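Here is the structure we will look at.
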Amino acid sequence: VRHHPQDGPILTICTALEIEARAVRRSLPNARILVMGMGGRRLSREMNSVAGPVVVAGFCGALDPELASGDVIVATEVRGPTGTTPCPAAPLLVAALRSVGVHATTGPIVTAGHIVDGEEREALAATGAIGVDMESADVAELAAGHPFAAVRVVVDSPRRGLFRPSLLTDGLRALRVLHTVAEALDAWSAALGDREVVLAGPRSFCAGVERAIEIVERALERNGPPVYVRKQIVHNAHVVRRLEQLGAVFVDELDEVPTGATVVFSAHGVSPQVRADANRRQLDIIDATCPLVAKVHAEARRFAGRGDTVVLIGHSGHEEVEGTLGEAPDNTRLVGTVADVERLEVADPDRVSYVMQTTLAVDEAADVVAALRERFPRVAGPSSDDICYATTNRQDAVRAVITDADLLLVVGSTNSSNSMRLVEIAERAGLAAYLVDDASRINPEWLAGRRMIALTAGASAPQDLVDEVVAALGGLGRVRVSEHWVATETLSFTLPKEVV
Ligand code: SF4
């Protein structure tokens with residue numbers, strides 16, 4: 001599918017060689033292809049008339065020894081003798097490449113005015129650059145003020161230098177890869193253009209997530225690695241990866257933790273059974289359960305203790321729900337929908353109470369509570385809503401920012417319940433919405449023709465990932481950013497005594 005509107009910006013593709021130009025031309029019929037010559041000999045003459053987005057595409061040498069011929073590099077920045085040009089839209093190019101089956105490696109590309117090998121290659125690798133070419137930095141300079149990207153297919157590497165018998169076959173393979181790269185460039189270029197971004201506020205970390213992350217960081221500081229964490233400390237892939245790099249070891253079950261080691265319970269809470277198992281195995285427990293989840297556990301215990309059937313409104317299989325169910329497994333019934341309430345069987349309809357998962361959709365939970373009241377008029381509930389302040393605020397903020405938007409992007413991981421609910425709010429309002437772990441998961445096709453983007457992040461997603469998305473959109477054209485706040489959050493929770 002080609003998306004290019006006739007009035008859209010014209011993309012210029014710069015290649016060094018005619019053979020590279022031929023590999024990309026067929027997939028990019030609307031682009032202007034400039035063959036600039038090796039080292040950009042014809043560059044300044046040809047680029048005089050460029051007044052739009054520019055991409056350098058073609059072959060390069062790898063500096064990273066892990067890269068082999070045929071691998072694809074997308075530049076996060078290009079470095080030349082007179083300076084460095086950032087390439088903020090690189091993550092979106094990575095996403096476009098992924099959608100045509102190409103895995104790209106991202107990193108700096110350095111431009112040398114000649115072919116490099118041997119010691120010079122090693123010296124450039126030591127600077128952190130992963131690829132070397134002869135033109136990108138010069139093109140970037142001439143394209144200043146316009147969206148710019150550089151994508152290169154490796155032909156030679158530290159392990160396989162340029163002058164080798166297999167160069168011809170490897171070169172042909174690299175050409176085929178370059179042809180596929182051009183398909184991705186076509187999808188990526190459809191997303192080019194100026195945009196407005198409206199940030200929902202509040203967004204990103206809540207007090208319970210901040211506390212849980214700080215607990216693991218402090219445990220690592222005090223005890224040194226490894227610190228074991230049962231389940232993901234919060235449901236975010238980036239947070240988990242960062243803590244793993246610091247020495248946290250995430251396990252699914254306690255039998256993976258050596259006897260006597262320190263174990264952190266995640267923000268979602270655990271059942272009393274898990275707590276008892278940890279004690280039996282003489283583990284040092286540090287409990288990062290969010291106090292607002294602990295409050296729901298206490299309610300469930302209180303209701304069950306007085307002989308009620310406890311109806312837990314929540315999503316089956318979610319870790320928080322498993323923990324709460326474990327407080328009174330024999331007396332608790334899990335419901336997720338109004339239909340579940342209609343099927344519910346209880347011992348005594350006059351002795352029913354309910355509690356909730358903290359991250360439900362506010363309006364859907366209200367429907368389920370209304371159905372419970374209808375069936376069990378004497379049903380008792382918590383004194384205040386179990387859906388936490390952070391969930392409520394983020395949902396209100398999304399409702400406020402989607403009114404004029406063409407698209408909602410939610411930064412968060414797929415196992416994050418509160419993030420999923422934010423996507424659903426937009427979908428119920430008839431707006432396209434996507435949950436993305438980071439900017440490299442935004443399919444550029446979603447952006448084609450969409451100028452007003454609403455942006456938020458779930459309670460477990462770091463703000464810097466939101467900044468990365470804004471920067472990536474800014475790599476496609478000018479971006480005007482505004483924020484719409486519906487509440488101010490000042491809540492913070494004290495840390496457990498084991499880490500203070
Ligand atoms: S989303 Fe709510 S319940 Fe969950 S950790 Fe954050 S504040 Fe606590």
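Not measured: the values here are computed from a predicted model.
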| field | Lys/Arg-Asp/Glu bridge criterion (N-O < 4.0 Å) met for Arg333, Asp340 | value | no
| query | Atom CG in Asp71, atom CD1 in Ile73: separation rounded to 0.5 Å? | reply | 8.0 Å
| Do other residues, nucleotides or ligands put more than 12 heavy atoms under 6.0 Å from the CZ atom of Arg478? | no
| Rounded distance [0.5 Å steps], OG1 in Thr105 versus CD1 in Ile130 | 5.5 Å
| message | Is there a side chain to side chain contact (heavy atoms under 4.5 Å, CB included) between Leu476 and Leu192? Walk through the geometry before answering. | response | CA-CA 5 Å; Leu476 298 172; Leu192 288 163; 4.0 Å; yes
| message | Could you work out, with side-chain contact (heavy atoms from CB on, under 4.5 Å) as the rule, every residue matching Ala237, not counting sequence neighbours? | response | Arg241, Ser413, Asp437
| field | Identified side chain to side chain contact (heavy atoms under 4.5 Å, CB included) counterpart of Val209 within the set Asn418, Ile233, Val234 | value | Val234
| said: Tell me whether Lys231 is salt-bridged to Glu322, with the criterion being a basic N under 4.0 Å from an acidic carboxylate O. | reply: no
| task | Measure the spacing between CZ of Arg351 and CZ of Phe376 and express it to the nearest 0.5 Å. | result | 14.5 Å
| field | Electrostatic pair Asp308-Arg302, nearest N-O below 4.0 angstrom | value | no
| CZ/Arg378: more than 12 non-hydrogen atoms of other groups inside 6.0 Å | no
| said: Check this for me: does any side-chain nitrogen of one of Asp277 and Arg230 sit under 4.0 Å from a carboxylate oxygen of the other? | reply: no
Would you give me the side-chain donor-acceptor pairs under 3.5 Å for residues 486-500, sequence neighbours excluded?
unit_1	atom_1	unit_2	atom_2	d
Glu489	OE1	Arg394	NH2	3.1
Glu489	OE2	Asn393	ND2	2.9
Glu489	OE2	Arg394	NH1	2.8

| Which value, rounded to the nearest 0.5 Å, describes the distance between Thr358 atom OG1 and Met356 atom CE? | 11.0 Å
| request: Verify, without hydrogens or angle tests, whether Arg98 (side chain) and Ser440 (backbone) share a donor-acceptor contact under 3.5 angstrom. | output: yes
| task | With rounding to the nearest 0.5 Å, note down the distance linking CG in Leu325 to CD in Glu320. | result | 10.5 Å
| task | Enumerate the residue pairs fulfilling ring-ring contact (aromatic ring centres under 6.0 Å, His included) with a member in residues 225-263, sequence neighbours excluded, ordered by first and then second residue. | result | His235-His268, His235-His318
| query | Taking atom OG of Ser482 and atom CE of Met452, what is their separation to the nearest 0.5 Å? | reply | 7.0 Å
| Reference residue Leu455; test side chain to side chain contact (heavy atoms under 4.5 Å, CB included); the match among Val411, Leu408, Val198 | Val411
| request: Go through the steps to decide whether Val263 and Arg281 satisfy the test side chain to side chain contact (heavy atoms under 4.5 Å, CB included), and finish with yes or no. | output: CA-CA 11 Å; Val263 66; Arg281 304 207 44 228; over 6 Å; no
| request: Would you mind checking if Arg421 and Glu424 are paired as a salt bridge, meaning a charged N to carboxylate O distance below 4.0 Å? | output: yes
